[in-house]
Engineer: 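Handing you this structure, nothing more for now.
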Amino acid sequence: MSDPNCIFCKIASGAIPAKRLGENVHALAFADLNPQAPTHVLVIPKVHLASHAAIAPDQWPHLSAMQELAQKLAKELGLDATGYRLVMNTGKDGGQTVFHLHLHLLGGRPMSWPPG
């Protein structure tokens, strides 16, 4: 299941190149082109899910796979020693700009609150 107009679906299919950092059966991770921290990785489901709010009960394994991949990459990138931030924006008011579910893995510097 994919959306032919979705940039993240195109990255998942390989139609658009990206610096792939890892993947598992349900998820793919790649470097963010507009990093907000020294390490900024996007983790997406390989199928098109518009947002966290759009996940159906039978699709929860995709979210679990995304979390598992983020944790694995955090360890591989050495972020687990000092900490990292996971962010998932949902909907326009939540700051979501690409309407394909994605998780931001941010690290490599102290994170402030509010984010930014």
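Index from 1, following the sequence.
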Engineer: So, Gln96 side chain and Ala50 main chain: donor-acceptor pair closer than 3.5 Å or not?
Structural biologist: yes
Engineer: Can you see which heavy atom on Asp80 is nearest to which on Lys75, and at what distance?
Structural biologist: OD2-CG, 3.5 Å
Engineer: Report the distance from atom CZ of Arg109 to atom OG1 of Thr39, rounding to the nearest 0.5 Å.
Structural biologist: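 Nearest 0.5 Å value for the CZ-OG1 distance: 10.5 Å.
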Engineer: Considering non-hydrogen atoms only, spot the tightest contact between Pro45 and His100 and give its length.
Structural biologist: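 Minimum heavy-atom contact is O-NE2, 3.0 Å.
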Engineer: Tracing side-chain links under 4.5 Å among I, L, V, M, F, W and Y, which residues wind up in one group with Leu42?
Structural biologist: Ile7, Phe8, Ile11, Ile16, Leu28, Phe30, Ile44, Val98
Engineer: Which heavy-atom pair separates Leu101 from Ser51 by the least distance, and what is that distance?
Structural biologist: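 In this case the closest contact between Leu101 and Ser51 is CD1-C, 3.7 Å.
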Engineer: Rounded to the nearest 0.5 Å, how far does CG of Leu49 lie from CD1 of Ile55?
Structural biologist: 6.0 Å
Engineer: What is the minimum heavy-atom distance between Ser2 and His48, and which atoms define it?
Structural biologist: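 Heavy atoms of Ser2 and His48 come nearest at CA-CB, 3.8 Å.
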Engineer: In Å and rounded to the nearest 0.5 Å, what is the CZ to OG1 distance from Phe99 to Thr90?
Structural biologist: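 The CZ atom of Phe99 sits 9.5 Å away from the OG1 atom of Thr90.
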Engineer: How many angstroms lie between CG in Leu77 and CG in Leu21, if you round to the nearest 0.5 Å?
Structural biologist: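 If we round to the nearest 0.5 Å, Leu77:CG and Leu21:CG are 7.0 Å apart.
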Engineer: Without swapping roles, check the side chain of Lys46 against the backbone of Asn24 for a donor-acceptor pair under 3.5 Å.
Structural biologist: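 Looks like yes, one N/O pair under 3.5 Å.
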Engineer: What closest approach, in Å, do Ser112 and Arg85 show between heavy atoms, and which atom pair accounts for it?
Structural biologist: O-NH2, 2.9 Å
Engineer: Can you find a pair of side-chain heavy atoms, one from Met88 and one from Met66, that are under 4.5 Å apart?
Structural biologist: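 A side-chain contact under 4.5 Å exists here.
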Engineer: If every non-hydrogen atom of Ala70 is compared with every non-hydrogen atom of Leu105, which pair is closest and at what distance?
Structural biologist: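 For Ala70 and Leu105, the tightest heavy-atom pair comes out as O-CD2, 3.8 Å.
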Engineer: For residues 53-68, which residue pairs qualify under side chain to side chain donor-acceptor pair (under 3.5 Å), counting only residues two or more places apart or in two chains?
Structural biologist: His26-His62
Engineer: To the closest 0.5 Å, what do you measure between CG (Leu79) and CG (Leu106)?
Structural biologist: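 It comes to 9.5 Å.
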Engineer: Enter the distance from His40:NE2 to Leu33:CG here, rounded to the nearest 0.5 Å.
Structural biologist: 10.0 Å
